[in-house]
Amino acid sequence: MPLKHHHQEKDVMAAIASAAAAAGHQLISDADRRRALWGSAIGSTIEWYDYFLYGTMSAIVFGRLFFPSADPVTSQLLALASFALAFLIRPIGGIVFSHIGDRVGRKKTLVITLSIMGLSTVLIGLTPTYETIGAWAPILLTVLRLLQGLALGGEWGGGVLLAVEYSPPQRRGFYGAVPQTGALFGLALGNLATSGLSIFFSEEAFLSYGWRIPFVLSIVLVLIGMWIRNRVDETPSFRRIARTGTSRKVPLLETLTRHRRAVLIVIGAKFVETSTFFLFATFTISYLVGLGYKRVDVLNVVLLAALLAVPVMLFFGALSDRIGRRKVFAWGTVAMAVYILPYFWLLNQGSLALATVAAVVGFSIVWATYGSVLGTFFAESFPADVRYTGVSLGYQVGAALVGGPLPLIATALLTRYHGSYLPVGLFIIGCSLVSLIAIAFTQDRTGQSLDA
């Protein structure tokens, strides 16, 4: 009887917690939800714009300006290596800022990360080249790139939670897809700026000072983002933690002790998303330029694909609210494994039209499938008191393992196998298999209360 009574008591407590969480969501006004979505999306867009702008420039100019060498391939590899280095520090940024986010608040953390990202981006635009200060140029550039990685390590988790923790349970997939579109808008803004400068500046002027303009002008976007985020209140989940005094003293320790399995699943699930994102967003640019396509045409192809992916992501996010996150994620992952070799075949046909079709199908449709549900899927895997730490740690470690190094790995594979894209395609298929295995161990919590 005592055991039965104990189980009944647990059931009652669970029902009370679920009812309280539901009531809390009903008290959130639509205006608060919209403000949180705007703060999440715009802040995420600015952070990713700053971050991807470096990736675009590393693919087209940084090799010559900061890592000069007698061998152009070596210069390109060094520039891509500096791009990849930031991914190694992103998990550190995730740990540092997620500790603040779980202990002090999501909003305060997001203001800090946006400030660091904005300052480092502007300073990149002001950094002298190798010709001016010699070896100090690549050193300074790399240090500033590491600061970008540190900031983004804490930004992503907070941006996603700002949207997801404000969402109603029946629309959590759609809300979680909104900050994910920030990566696409950020990439599109960076490519638009670079493409526009390539049109209005000669090659000599672009290499001399034109490339600096989008870095320096990012300060305007940062100020706008800071203003918007300061108008957003703390998330309902964190307010509940603060009100009940249930925050963890060391969220990282709690996460590694009690939620190791969830962290490992997030890392594995991240493989396919991060490897293919940087394949489409960064490596494709240098790959197509190497095949003889004009730089401005290539940038416009990626720009178009990124913009078309936005409504597709919102659609799949909403679809996941009806059929479940795991189904949407699995379908997209299988589709990528099947499509990746035809993608490269289309790029190699020498037709800009076919290259555009290839990028739109791969980036705008296939990647957008699992990219849309990633944030919500991860947020639903952890309780509120360690949610910032859990999603940030898993996401950033996964990105560090295959996302950042992807352009470098793909370039090295092309060089090693004399231009054959088959090894690159097999690498992507391997990443897809890792993610499929990871999500096979997940429990789909679509429609359930986030904090019950």
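Atoms considered below: every heavy atom in the structure, side chains included; atoms not considered: hydrogens, waters and symmetry mates.
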Carefully, step by step, assess Y287 and F344 under the rule ring-ring contact (aromatic ring centres under 6.0 Å, His included). CA-CA 10 Å; Y287 183 72; F344 277 109; 5.5 Å; yes

Could you walk me through whether D50 and V222 pass the side-chain contact (heavy atoms from CB on, under 4.5 Å) check? CA-CA 9 Å; D50 289 348; V222 170; 4.1 Å; yes

Take I428 and Y343, measure what side-chain contact (heavy atoms from CB on, under 4.5 Å) needs, and give me the verdict at the end. CA-CA 12 Å; I428 297 298; Y343 169 75; over 6 Å; no

Passes ring-ring contact (aromatic ring centres under 6.0 Å, His included), W38 versus Y175? Steps please. CA-CA 11 Å; W38 274 105; Y175 271 63; over 10 Å; no

Determine, stepwise, if the pair L406 / V402 fulfils side-chain contact (heavy atoms from CB on, under 4.5 Å). CA-CA 6 Å; L406 188 279; V402 293; 5.9 Å; no

Going through the checks in order, is the ring-ring contact (aromatic ring centres under 6.0 Å, His included) test met by Y395 and W156? CA-CA 9 Å; Y395 181 97; W156 183 85; 3.7 Å; yes

CA sep, side-chain torsions, deciding dist, call: R172, E380, salt bridge (Lys or Arg N to Asp or Glu O under 4.0 Å): CA-CA 10 Å; R172 197 181 303 140; E380 291 174 333; 2.7 Å; yes

Apply ring-ring contact (aromatic ring centres under 6.0 Å, His included) to Y421 and W345, showing your working. CA-CA 8 Å; Y421 58 77; W345 182 84; 9.1 Å; no

Applying side-chain contact (heavy atoms from CB on, under 4.5 Å) to I323 and L319, what does each step give before you reach the verdict? CA-CA 6 Å; I323 68 173; L319 180 64; 3.8 Å; yes

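A 4.5 Å side-chain heavy-atom check between L288 and V302 finds every atom pair outside the cut-off. Residues S392 and F97 are not in side-chain contact: their nearest non-hydrogen atoms beyond the backbone lie 4.5 Å or more apart. Residues Y370 and V328 are not in side-chain contact: their nearest non-hydrogen atoms beyond the backbone lie 4.5 Å or more apart. The closest side-chain heavy-atom distance from S82 to F67 is below 4.5 Å. Contact of the L152 side chain with the R90 side chain is registered, since non-hydrogen atoms from C-beta on lie closer than 4.5 Å. Between L408 and F283, every side-chain heavy-atom pair lies at or beyond the 4.5 Å cut-off. A 4.5 Å side-chain heavy-atom check between L252 and H99 finds every atom pair outside the cut-off. Side-chain contact between F238 and R243: absent, with no pair of heavy atoms (C-beta onward) separated by less than 4.5 Å.
With hydrogens and angles disregarded, a donor-acceptor distance shorter than 3.5 Å links the side chain of T121 to the backbone of M117. Not a single donor-acceptor pair under 3.5 Å links the side chain of R145 to the backbone N or O of A86. T181 places a side-chain N or O within donor-acceptor distance of the main-chain N or O of V178, the cut-off being under 3.5 Å. Side-chain atoms of N230 come within 3.5 Å of backbone atoms of M226 as a donor-acceptor pair (strictly under, hydrogens ignored). Between the side chain of S435 and the main chain of V272, a donor-acceptor pair closer than 3.5 Å is present. Proximity of a side-chain donor or acceptor of Y166 to a complementary backbone N or O of E234 within less than 3.5 Å is detected. In this structure, S320 contributes its side chain and R325 its backbone to no donor-acceptor pair below 3.5 Å. A donor-acceptor pair under 3.5 Å is absent between the side-chain atoms of S44 and the main chain of A41, judged by distance alone. A donor-acceptor distance shorter than 3.5 angstrom exists from the side chain of R260 to the backbone of T257, with no hydrogens or angles considered. With hydrogens and angles disregarded, no donor-acceptor distance shorter than 3.5 Å links the side chain of K107 to the backbone of T235.
Remark: R229 fails to qualify as a cation-pi partner of W227 under the 6.0 Å distance and 45° angle criteria applied to the six-membered ring.
A distance of 12.5 Å separates CG of L114 from OG1 of T109, quoted to the nearest 0.5 Å. Taken from CG in L279 to OG1 in T276, the straight-line distance is 7.0 Å, to the nearest 0.5 Å. For the atom pair L256 CG and R258 CZ, the distance stands at 13.0 Å (nearest 0.5 Å). Taking CG from L147 and CG from L123, the interatomic distance works out to 8.5 Å, rounded to the nearest 0.5 Å. Here the CG atom belonging to L184 is positioned 5.5 Å from the CZ atom belonging to F277, to the nearest 0.5 angstrom. The CD atom of Q148 sits 11.5 Å away from the CD1 atom of I116 when rounded to the nearest 0.5 Å.
Between R35 and D233 there is no salt bridge, since none of the side-chain N atoms of the basic residue sits less than 4.0 Å from a carboxylate O of the acidic one. Remark: D385 engages R248 in a salt bridge, criterion side-chain N to carboxylate O under 4.0 Å. Of the charged side-chain nitrogens involved, at least one lies within less than 4.0 Å of a carboxylate oxygen, so that E165 and R106 count as a salt-bridged pair.
The two residues L374 and Q180 have their closest heavy-atom pair at CB-NE2, 3.8 Å. Taking every heavy atom of both residues into account, L347 and A358 meet most closely at CD2-CB, 4.1 Å. Nearest heavy atom pair, residue L197 against residue P214, reads CD1-CD, 3.3 Å. Annotation for F316 and S372: closest pair CB-OG, 3.3 Å, computed over non-hydrogen atoms. Among all heavy-atom pairs drawn from L450 and S237, the shortest one is CD2-OG, 4.4 Å. Heavy-atom minimum distance, T442 versus R326: O-NH1, 2.7 Å.
W367 has its ring centre no less than 6.0 Å from the ring centre of F280.
With Y54 as the fixed residue, the ring-ring contact (aromatic ring centres under 6.0 Å, His included) test singles out one of F215, F62, Y49, W211: F62.
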